[in-house]
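Following: one structure in C-alpha cells, then a few remarks.
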Amino acid sequence: MSFDEKLDSGLNLFRRLDPKYVKQNLDNVCTLVQNGSGDTDQLTSELLSSIDVPLESRKCSESGKEYLCCDYNRDGDSYRSPWSNKYYPPVTVEDDDAPPPYPSAILRDLEIKANESFDIYRDLYYEGSGVSSVYLWDTAEDEGEPTSLENGFAGVVLLSKETDDKSGKWDSIHVFEIIPETSSTATYNITTSVILDLASTASSLSLSGSLTRQVESSQSLSVEGGVNLETSHLINLGQLVEKAEYNIRNLLQEVYFDKLKDIIVKDLRSIGGRVDDTKQAELVKGLQGL
C-alpha cells in the first residue's frame, strides 16, 4: 500500500469514528502507525496536521494568562505562550538538537498586537468568556532571506469557549496564509475549522462534530490616514475571521440543527406518542450559550 493510500485510509477511518473521542482515537491510531513499517513518522505527522482535535488551554506562568495549545505552538511536549513568548515546560536543547521555533522579531511584534486585538474580539463576541491565542510564523523558503511583512507570512487564530455548566464547547481554528500580490494588495487564504461538542444535561443525547470551510480573498492594504501595514493586516484578518465564524454559526444553526429537529420530531417520540423536543431544545440552547 502506498503512502497516499495509507493516509486516505486513515482519514476515511476518522470520518466513521465517533467525533466526541477524536483525540483519543487519534492517539491510538498514531500508536498503531508507529508500530508499523515504512514512512511512519511522515504518516503520523500528516494525520496530526490533517485532523483537528479539541483545543486545550494552559496558563502562562509569567503573565498569568491562559493560552491555547495546538501543533503550531508545540515543540515536543512543550507549548509556547503568545503572551510571554516562552515554552512551558521549558525546552531543554541538547548539542545536536535544533532550538524550538520562534517568530522573527518583526512577526513577534505583530503577534503581540494580534493577540491583544483578538482578545478584544473574544471579549465582545464570546460575552467576556473563553480563551483566544494567535501564533505567527515566517513562510520564506530561504532562511537567509530578510524577514519583512512585504514577503508574506502565515499564522493561526484560535478561539475557544465552554458553557458555564461544561455541557458544551466551541473551538474555532483559523489557519491563514498571507501572500503579497502588489504593494497595495494581498491574498488571504484561510481554512476555518469549528469543533462543536454539545450534550444534554437531562439525557445521554449529545451532538459532536467538526466543520471546515476554506476562503480565498484578495484584500487591499491601506496605509493611509496613519494606518500602517501591520494595522491593515490586522483589520483585514479580523474581518475575515469574523465573517467565517458568522457563516459557520449560521450554517450550524439553520442547516444542521434544523435537520436534527426534523429527526427528533419524526423519529424520537415518547412512549405515549407525544413528541419529546426537550433534548433538541437543550442542544440549541447550548449552542446559543457559546
Side-chain angles (χ1 to χ4, degrees), residues 19-20 22-23 52-74 79-86 88 111-136 155-176 190 192-202 205-213 234-235 237-254 256-257 260 279-290:
K20 189 176 183 65
V22 61
K23 188 177 187 305
D52 296 311
V53 298
L55 298 172
E56 296 180 357
S57 64
R58 294 189 178 184
K59 191 172 185 179
C60 176
S61 300
E62 182 172 304
S63 65
K65 296 182 178 180
E66 285 188 285
Y67 64 96
L68 296 169
C69 304
C70 66
D71 279 343
Y72 300 103
N73 69 320
R74 182 174 70 90
Y79 293 89
R80 182 172 67 90
S81 165
W83 307 112
S84 63
N85 202 30
K86 294 182 179 179
Y88 298 99
E111 187 179 75
I112 293 173
K113 296 177 182 177
N115 275 280
E116 293 173 350
S117 299
F118 277 98
D119 190 45
I120 297 174
Y121 172 93
R122 172 207 56 78
D123 184 61
L124 294 174
Y125 283 82
Y126 289 79
E127 299 179 347
S129 60
V131 184
S132 66
S133 296
V134 182
Y135 303 100
L136 304 179
V156 60
V157 177
L158 307 175
L159 294 153
S160 180
K161 180 182 178 180
E162 195 170 15
T163 55
D164 295 335
D165 59 1
K166 309 298 182 182
S167 63
K169 189 170 185 286
W170 168 288
D171 293 325
S172 59
I173 305 167
H174 307 269
V175 182
F176 64 89
I190 300 183
T192 297
S193 298
V194 168
I195 305 173
L196 183 65
D197 185 11
L198 294 175
S200 171
T201 56
L205 182 64
S206 64
L207 178 65
S208 302
S210 62
L211 192 63
T212 300
R213 291 293 184 270
L234 288 178
I235 292 174
L237 185 60
Q239 291 175 343
L240 291 172
V241 167
E242 178 187 13
K243 183 178 180 180
E245 292 210 322
Y246 176 81
N247 290 339
I248 287 187
R249 181 179 289 271
N250 282 347
L251 187 63
L252 289 169
Q253 180 73 52
E254 297 174 4
Y256 290 91
F257 276 86
L260 175 64
K279 300 175 182 179
Q280 187 264 351
E282 287 187 358
L283 293 180
V284 173
K285 184 179 179 181
L287 176 62
Q288 294 172 343
L290 292 173

### Ser129 to Lys161 - nearest heavy-atom pair and separation
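Ser129 and Lys161 have their closest heavy atoms at OG-CE, 3.0 Å.
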Name the one of Ser193, Ser210, Cys70, Ser160 that satisfies side-chain contact (heavy atoms from CB on, under 4.5 Å) with Asp171?
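Result for side-chain contact (heavy atoms from CB on, under 4.5 Å) with Asp171: Ser160.
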Check: Among Ile195, Asp52, Val194, Ile173, whose side-chain contact (heavy atoms from CB on, under 4.5 Å) with Thr212 holds?
Finding: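 Exactly one option meets the side-chain contact (heavy atoms from CB on, under 4.5 Å) with Thr212, and it is Asp52.
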task: With sequence neighbours left out, write down each residue that passes side chain to side chain contact (heavy atoms under 4.5 Å, CB included) with Lys59, or none if nothing qualifies.
output: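 Applying side chain to side chain contact (heavy atoms under 4.5 Å, CB included) to Lys59 gives none.
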Can you name the residues that form a side chain to side chain contact (heavy atoms under 4.5 Å, CB included) with Asn247, not counting sequence neighbours?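 Testing Asn247 for side chain to side chain contact (heavy atoms under 4.5 Å, CB included), a comparison that skips the adjacent residues, returns Lys243.
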Hey, what do you get for [atom1] ([X]) to [atom2] ([Y]), rounding to the nearest 0.5 Å?
| X | Y | atom1 | atom2 | answer |
| --- | --- | --- | --- | --- |
| Lys65 | Cys60 | NZ | SG | 9.0 Å |
| Ser172 | Leu55 | OG | CG | 7.5 Å |
| Leu196 | Lys20 | CG | NZ | 10.5 Å |

Taking the side chain as C-beta and beyond, is there a heavy-atom pair between [X] and [Y] under 4.5 Å?
| X | Y | answer |
| --- | --- | --- |
| Thr163 | Lys169 | no |
| Leu252 | Trp170 | yes |
| Ile248 | Thr192 | yes |
| Val131 | Tyr67 | no |
| Val134 | Val156 | no |
| Arg213 | Leu251 | yes |
| Ser132 | Asn115 | no |

Using a cut-off of 6.0 Å, state whether more than 12 heavy atoms not belonging to Glu56 lie near its atom CD.
->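 No, not enclosed.
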Inset, instruction - Return yes when atom CG of Asp164 has more than 12 non-hydrogen atoms of other residues, nucleotides or ligands closer than 6.0 Å, and no otherwise. - result: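 Open: at most 12 neighbouring heavy atoms sit under 6.0 Å from CG of Asp164.
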Check whether [X] reaches the backbone of [Y] with its side chain - one donor and one acceptor, N or O, closer than 3.5 Å.
| X | Y | result |
| --- | --- | --- |
| Trp83 | Glu66 | yes |
| Ser133 | Leu68 | yes |
| Glu111 | Leu136 | yes |

Mind checking what makes ring-ring contact (aromatic ring centres under 6.0 Å, His included) contact with Phe118, not counting sequence neighbours?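 In terms of ring-ring contact (aromatic ring centres under 6.0 Å, His included), with neighbours along the sequence ignored, Phe118 is linked to Tyr121.
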field: ring-ring contact (aromatic ring centres under 6.0 Å, His included) partners of Tyr88, counting only residues at least two apart
entry: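 Result, ring-ring contact (aromatic ring centres under 6.0 Å, His included) vs Tyr88: none returned.
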Residues in salt bridge (charged side-chain N to carboxylate O under 4.0 Å, His left out) with Asp119, at least two apart?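 With neighbours one apart ignored, the set is Arg122.
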Sequence neighbours left out, what passes side chain to side chain donor-acceptor pair (under 3.5 Å) with Asn73? Give chain and number order.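 With sequence neighbours excluded, Asn73 shows a side chain to side chain donor-acceptor pair (under 3.5 Å) to Tyr135, given in chain and number order.
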Query raised in the report: Under a 4.0 Å N-O cut-off, is there an ion pair linking Glu245 with Arg249?
Result: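 Result for this pair is no, no salt bridge flagged.
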Salt-bridge contact Lys86-Glu62 (side-chain N to carboxylate O under 4.0 Å):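 Between Glu62 and Lys86 there is a salt bridge, with a charged N closer than 4.0 Å to a carboxylate O.
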Under the side chain to side chain contact (heavy atoms under 4.5 Å, CB included) criterion, do Val241 and Phe176 qualify, and how do the steps go? CA-CA 10 Å; Val241 167; Phe176 64 89; over 6 Å; no
